[in-house]
Structures are given as C-alpha cells and as structure tokens.
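The analysis underlying the following values was restricted to heavy atoms, covering all of them including side chains, and did not include hydrogens, waters or symmetry mates. Model, not experiment: these values are computed from the prediction.
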Amino acid sequence: MTNPQPIQPGDHVGVTFDDDDSLAATTLDFAERGRRAGARVLVLAAPRLARALPGVQLTEPRGTLDGLRDFYAQAVRQAVAEGLSGLWASVEMSWARGIDPEELVAAECGLNTLFSDGRLTALCHYDSRLFPSAQLARFHQAHPVGQQGACLRYRPTGRGVTFTGEADHTNLLAWQALTRALPGGEAVIDISGMSFLDVRSMAQLGLVAAARCEPLSILASPGQSAHLRMLGVDRVATLVTVEEPGLPVAAQAAP
C-alpha cells in the first residue's frame, strides 16, 4: 500500500492490489497496526489466500451487502465489551465481484458513518485483475482514505460533524455521503481544520445546505470562507469564519 499517511483508528481505506504478495504485505502491516492499537483484528479473505498469509486466521466473507452494517456494528460492540479498543477489519473484496457495482459503491458510502467514533477501522482490498479500472475508481471514491489520494477524517459533534484532511475527486463519493448524513434540526459542519478541498467538494456544501429544511452552519478558515462566498454557499448556509479551528471570529448568515 502506498498511502502516504499511516492508517489511524476510524479510517475506512480503499486500496488496489495486482498480486497476492502485495495483498499479503498490506494485510500483515494492517494487522500489526491493529494489534498495536489494542483492537481485535479480523481478516476476511478467500481460503485460496491462506498460502500468502501464513499464520493469519482467515474468515471467509459471507452474507450480503444488506447485512454488512449490522455485522460490523455487532463485531465492534463485542470487541469493546471484551475490553478491546475496537475492530480492525481487512477485507479482500473478490467476493463482491458478482454484485452490481453501483450497489457496492452505495454500500461502501453507507458504511462510512460507522467509522466516526474511531472504534471501527477497515481496509478494503480490490483486485485489479477482477475489477475494471472504471469500477475501481468509483470504489475508491466511496472511501474517505485512498491508496494514493486524499485522506479525509471526521468525528461527530453534538449537532454535526468536524472534518480534517482533504477532499477531492479521489474521495468525492465518500465526501458527498458524509456531508449529507447530518442529524435533524440545526446542524454544523466544521471544515476549518481541513488542509484542502477542491472546488467540487466546496460546492457540495452548498448543495447540502440548499437541500435541507433546517439551518446549516459551516465553520471555515478565512481562505475557505472566501472561496465558499465566491461559490454562493453563503446564500444557503451560515458561514462562521474562524482564525483557528474551534475559534469563531465572524459569522455571515444566509439571507
């Protein structure tokens, strides 16, 4: 794996591999990081990969996309109840090649909110020998953290979500899903600690605000606020400019 930043608890990462040796190396590194984090490590992979992963207990993926969310949630609860920090799951995705690609994309996007408390960490391995490049690009966009692309992290707040890292075309679908997954009532999105958002990612905030019946406030750095105003986001959301993350200095309400 060539992701420039080490995996952290709460990451949902999409990677591509083209041979079993590279899959094994990535899996073993991930498993070691999970053990050091005090988590239960689960390796979901086809039995044929046992030779490439000696000494690793493999669990063969079973079930359907509909059951994935409940499976992960239950496994996390069980790990925490046993005194562990959570669950780190390495998932070799060849089992999903018969599933409609857009259904798989939707499922990956829908799982992202499970990672927000940092107790679930997952690494999804896609075999480039099995999936066309166009599908792989979509699969990667559904993950907040990519193999060579942007790295987006997020944590829930009382009324919304705080983002750090980057949002661009490489994790666009994950960004779209996460910005839509806001609680009811007046909500807040804090992007002030993010290091980069491309134009499309910023414009997404305006689309989210315009689609909501309830008010949305966006906490942003001075530079981010200037770009959001150029895109007209201040017409549909309240922009709160902060000099430092968490320190508001000015607000501009939507008319």
Side-chain angles (χ1 to χ4, degrees), residues 1-16 102 105-118 120-124 126 136-157 159-183 187-212 216-242 244-246:
M1 186 177 65
T2 57
N3 188 53
Q5 300 189 44
I7 293 175
Q8 296 183 12
D11 283 350
H12 183 201
V13 188
V15 298
T16 299
E102 288 307 304
V105 166
E108 292 279 27
C109 286
L111 289 173
N112 282 324
T113 53
L114 282 179
F115 296 79
S116 60
D117 64 4
L120 174 63
T121 306
L123 179 60
C124 301
Y126 286 91
L136 290 172
R138 295 278 290 173
F139 298 155
H140 287 309
Q141 286 183 318
H143 293 78
V145 182
Q147 187 170 20
Q148 294 178 306
C151 177
L152 178 69
R153 295 187 170 109
Y154 46 98
R155 291 294 179 265
T157 61
R159 293 186 298 155
V161 61
T162 295
F163 291 100
T164 58
E166 307 92 30
D168 64 16
H169 71 282
T170 63
N171 58 5
L172 177 64
L173 299 179
W175 171 252
Q176 291 174 339
L178 287 165
T179 52
R180 293 192 203 105
L182 294 171
V188 177
I189 292 178
D190 185 350
I191 63 169
S192 62
M194 295 185 66
S195 57
F196 180 77
L197 297 92
D198 66 6
V199 171
R200 190 169 182 179
S201 298
M202 284 196 172
Q204 168 66 14
L205 297 174
L207 296 176
V208 169
R212 288 177 59 86
L216 175 65
S217 296
I218 301 171
L219 275 62
S221 70
Q224 291 168 342
S225 293
H227 283 94
L228 290 170
R229 283 192 291 272
M230 284 191 288
L231 293 170
V233 177
D234 57 317
R235 300 185 190 127
V236 290
T238 298
L239 297 186
V240 180
T241 303
V242 301
E244 298 178 4

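With sequence neighbours excluded, the residues that form a salt bridge (Lys or Arg N to Asp or Glu O under 4.0 Å) with D117 are R119. Annotation: side chain to side chain donor-acceptor pair (under 3.5 Å) contacts of T164 (sequence neighbours excluded): none. With sequence neighbours excluded, the residues satisfying side-chain contact (heavy atoms from CB on, under 4.5 Å) with R180 are Q176, Q204, V208. Every side-chain contact (heavy atoms from CB on, under 4.5 Å) that A187 has, sequence neighbours left out, goes to L182, R212, L216. The side-chain contact (heavy atoms from CB on, under 4.5 Å) check on T170 picks up A150, D168, with sequence neighbours excluded. Not counting sequence neighbours, the partners of E108 by the side chain to side chain donor-acceptor pair (under 3.5 Å) test are H12, Y126, H143. Partners of T157 under the side chain to side chain donor-acceptor pair (under 3.5 Å) rule, at least two apart in sequence or in another chain, do not exist in this structure. By the side-chain contact (heavy atoms from CB on, under 4.5 Å) test, P183 is found to be paired with no residue, residues two or more places apart in sequence or in another chain being considered.
The main-chain N or O of P144 is found under 3.5 Å from a side-chain atom of N171 such that the two form a donor-acceptor pair. W175 places a side-chain N or O within donor-acceptor distance of the main-chain N or O of S201, the cut-off being under 3.5 Å.
Looking at L205 and T179, their side chains come closer than 4.5 Å, going by heavy atoms from C-beta outward. Between N112 and Y154 there is a side-chain heavy-atom pair separated by less than 4.5 Å. With a 4.5 Å cut-off on side-chain heavy atoms, V233 and M202 do not count as touching.
Residues in residues 139-149 take part in no salt bridge (charged side-chain N to carboxylate O under 4.0 Å, His left out) pair, two or more places apart or across chains.
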(request) Report the C-alpha separation of L111 and L120 in whole Å, then their side-chain angles, then the decisive distance to 0.1 Å, and conclude whether the side chain to side chain contact (heavy atoms under 4.5 Å, CB included) test is met. (result) CA-CA 10 Å; L111 289 173; L120 174 63; over 6 Å; no

Which atom pairs, one a donor and one an acceptor, fall under 3.5 Å between side chains of residues 219-227 and the rest of the protein, sequence neighbours left out?
| from | atom 1 | to | atom 2 | distance (Å) |
| --- | --- | --- | --- | --- |
| S221 | OG | Q224 | N | 3.2 |
| S221 | OG | Q224 | OE1 | 3.3 |
| Q224 | OE1 | S221 | N | 2.8 |
| Q224 | NE2 | I191 | O | 3.0 |
| Q224 | NE2 | M194 | O | 3.4 |
| S225 | OG | S221 | O | 3.1 |
| S225 | OG | T241 | OG1 | 3.0 |
| H227 | ND1 | G223 | O | 2.9 |

